[in-house]
Amino acid sequence: MKRSVHPLFSILFLIVFAITISCRILIRRGGGAGFFSSIELESNVIVQPPPIPVFNTTLLKYAAIDIGEAQARQEIEQLLEGNFASKGRYRTFATWRRFNHHDSRASSSRGIPVMLKSPQFYRYWLDFRRVLHDWARAKRYQPDIINELIGLVKNPIDVHNGLMGSNKKYSSCAVVGNSGILLQKDYGELIDGHEVVIRLNNARTERFEQHVGSKTNISFVNSNILHLCAMRQGCFCHPYGANVPMVMYVCQPVHFLDYTICNLSHKAPLIVTDPRFDMLCARIVKYYSLKRFVKETGKSLDEWNSAHDGFMFHYSSGFQAVMLAAGICDKVSVFGFGKSTLAKHHYHTNQKDELKLHDYEAEFDFYHDLVNSPQLIPFISDKFKFPPVVIYQ
């Protein structure tokens with residue numbers, strides 16, 4: 001047996017030796033250099049990450065300034081103290097008066113409405129103060145708040161729908177704006193094909209299904225819409241059905257009065273956007289507005305406030321709805337954003353003009369970067385990666 005094994009090992013050794021010598025010869029002569037050099041190159045290749053965008057620090061600084069912050073803080077303090085001396089604020093009490101049968105215009109010497117003497121409404125008042133106080137305390141800039149939107153918004157909605165909350169995003173979302181350009185297209189079936197459809201400010205779908213679809217999973221509104229709903233019997237604010245969740249950003253702190261009452265009648269979640277998310281959106285929009293202002297006018301950034309009424313300037317509902325979708329969806333489709341001289345301002349109303357407190361052109365610049373160069377969007381944490389976004393015109 002030993003004699004039969006030794007010749008076999010000898011043969012194998014000779015084969016290995018011959019291959020080794022051949023390889024060395026090929027390398028020295030350059031034969032096969034392409035093959036070996038390609039292996040060597042592949043092992044040494046370093047994949048360079050995309051360059052980090054350099055933002056204009058001056059624009060960042062100006063965009064971070066909220067010139068209305070001191071005024072808003074003072075208003076919140078007055079509300080927490082029960083001071084409703086402003087005439088315009090009393091309209092909010094129409095909801096309270098209907099339930100309590102007290103004259104909302106009557107007030108004590110300290111400005112606190114007499115109706116708060118009612119035990120029932122005193123409980124509502126305590127709820128209002130708690131919600132407003134917590135909201136005001138949380139109001140700060142946090143660049144990675146967009147990563148928390150799944151827990152803040154999606155999970156409560158999933159639980160309401162009988163699903164387990166998870167970190168998994170919706171597979172696809174359609175954000176449907178209200179522009180009249182929708183009447184020029186038949187996007188209804190395409191819109192309804194998304195897992196989640198987000199509609200804005202209670203825009204109706206009846207008679208427009210061919211253009212805008214009929215499915216609604218999230219109703220996104222600003223608090224002015226809820227304030228109007230609160231004037232109706234039963235605080236009705238459910239054009240898509242009482243079981244459709246509503247997400248709302250607060251335009252005026254006094255609207256938490258409406259929220260306190262309306263939240264009692266909502267079968268589906270009524271979710272107020274996190275103030276940290278609001279501040280993030282505000283900074284991004286102001287950055288794009290400042291950038292556009294300087295480019296188009298050549299004027300100083302200090303002149304932007306007077307040109308855009310800085311105290312009233314605000315992002316649109318559509319902008320924040322798109323930002324929300326970017327945080328909770330793997331893919332985002334945007335419909336009905338834009339304008340045309342041949343189209344109505346809104347597909348469902350006869351409104352003629354845009355609101356002056358928004359800079360829609362600046363928001364369009366944002367959408368362009370969102371689709372083509374999301375790394376150019378400022379104030380966003382590096383931990384967040386924007387999903388693919390398609391804008392349908």
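Computed from a prediction, not measured in an experiment: that's the story for all the values here.
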If you take the centroid of each ring, where Trp contributes its six-membered ring, are Trp135 and Phe256 closer together than 6.0 Å? yes
Looking at residues at least two apart in the chain, or sitting in another chain, which of them share a ring-ring contact (aromatic ring centres under 6.0 Å, His included) with Tyr288? Phe366
Are the sulfur (SG) atoms of Cys262 and Cys237 separated by under 2.5 Å? no
Using a 3.5 Å cut-off and no angle test, enumerate the donor-acceptor pairs between side-chain atoms of residues 53-60 and protein atoms at least two apart in sequence or in another chain.
{"from": "Asn56", "atom 1": "OD1", "to": "Thr58", "atom 2": "N", "distance (Å)": "2.9"}
{"from": "Asn56", "atom 1": "OD1", "to": "Leu59", "atom 2": "N", "distance (Å)": "3.1"}

Does the pair Lys331 and Glu195 meet the rule for a salt bridge (charged side-chain N to carboxylate O under 4.0 Å, His left out), with working shown? CA-CA 10 Å; Lys331 296 179 181 178; Glu195 180 182 0; over 6 Å; no
Does any part of the side chain of Ser289, heavy atoms only, come nearer than 4.5 Å to the side chain of Trp304, both counted from C-beta? yes
Between Tyr360 and Phe364, what is the ring plane arrangement, given parallel below 30°, perpendicular above 60°, and tilted in between? tilted
Taking the side chain as C-beta and beyond, is there a heavy-atom pair between Asn202 and Cys229 under 4.5 Å? yes
Exactly one candidate in Val272, Ile225, Asn263, Val221 meets side chain to side chain contact (heavy atoms under 4.5 Å, CB included) with Met246; the answer is Val221
Would you please name every residue forming a ring-ring contact (aromatic ring centres under 6.0 Å, His included) with Phe337, sequence neighbours left out? Tyr367
Of all pairs that satisfy salt bridge (charged side-chain N to carboxylate O under 4.0 Å, His left out), the ones with a partner from residues 60-70, not counting sequence neighbours: Glu69-Arg73
Of all pairs that satisfy disulfide bond (SG atoms under 2.5 Å apart), the ones with a partner from residues 163-206, not counting sequence neighbours: Cys173-Cys329
Phe311 vs Gln71 side-chain heavy atoms within contact, under 4.5 Å: yes
Apply ring-ring contact (aromatic ring centres under 6.0 Å, His included) to Phe236 and list each qualifying residue two or more places apart in sequence or on a separate chain. His238
Sub-4.5 Å side-chain heavy-atom contact between Ile284 and Leu280: yes
Keeping to residues at least two apart or across chains, list the disulfide bond (SG atoms under 2.5 Å apart) pairs with something in residues 356-393. none
Begin with the C-alpha distance, continue with both residues' side-chain angles, and end with the deciding distance and a verdict on side-chain contact (heavy atoms from CB on, under 4.5 Å) for Val294 and Leu290. CA-CA 6 Å; Val294 172; Leu290 288 164; 5.6 Å; no
For residues 142-160, dump all side-chain donor-acceptor pairs below 3.5 Å to protein atoms at least two apart in sequence or in another chain.
{"from": "Gln142", "atom 1": "OE1", "to": "Arg276", "atom 2": "NH1", "distance (Å)": "2.8"}
{"from": "Gln142", "atom 1": "NE2", "to": "Asp144", "atom 2": "OD1", "distance (Å)": "3.1"}
{"from": "Gln142", "atom 1": "NE2", "to": "Glu148", "atom 2": "OE2", "distance (Å)": "3.0"}
{"from": "Lys154", "atom 1": "NZ", "to": "Asp158", "atom 2": "OD2", "distance (Å)": "2.5"}
{"from": "Lys154", "atom 1": "NZ", "to": "Lys168", "atom 2": "O", "distance (Å)": "2.9"}
{"from": "Asn155", "atom 1": "OD1", "to": "Ser166", "atom 2": "N", "distance (Å)": "3.2"}
{"from": "Asp158", "atom 1": "OD1", "to": "Tyr170", "atom 2": "OH", "distance (Å)": "3.3"}
{"from": "His160", "atom 1": "NE2", "to": "Asn243", "atom 2": "O", "distance (Å)": "3.4"}
{"from": "His160", "atom 1": "NE2", "to": "Asn243", "atom 2": "OD1", "distance (Å)": "2.9"}

Could you give the side-chain donor-acceptor pairs of residues 382-393 under 3.5 Å, partners two or more places apart or in another chain?
none

Between Asp127 and Thr260, does any side-chain donor sit less than 3.5 Å from a side-chain acceptor? no
Residues in disulfide bond (SG atoms under 2.5 Å apart) with Cys281, at least two apart? none
Which residues share a ring-ring contact (aromatic ring centres under 6.0 Å, His included) with His314, sequence neighbours left out: Tyr249
Would you kindly confirm whether Ile181 and Val322 end up in one hydrophobic cluster when ILVMFWY residues are joined by side chain heavy atoms under 4.5 Å apart? no
Restricting to pairs with a member in residues 364-381, which pass salt bridge (charged side-chain N to carboxylate O under 4.0 Å, His left out), not counting sequence neighbours? Arg292-Asp365
Would a hydrophobic clustering, with Ile, Leu, Val, Met, Phe, Trp and Tyr connected at side-chain separations under 4.5 Å, put Tyr315 with Met323? yes
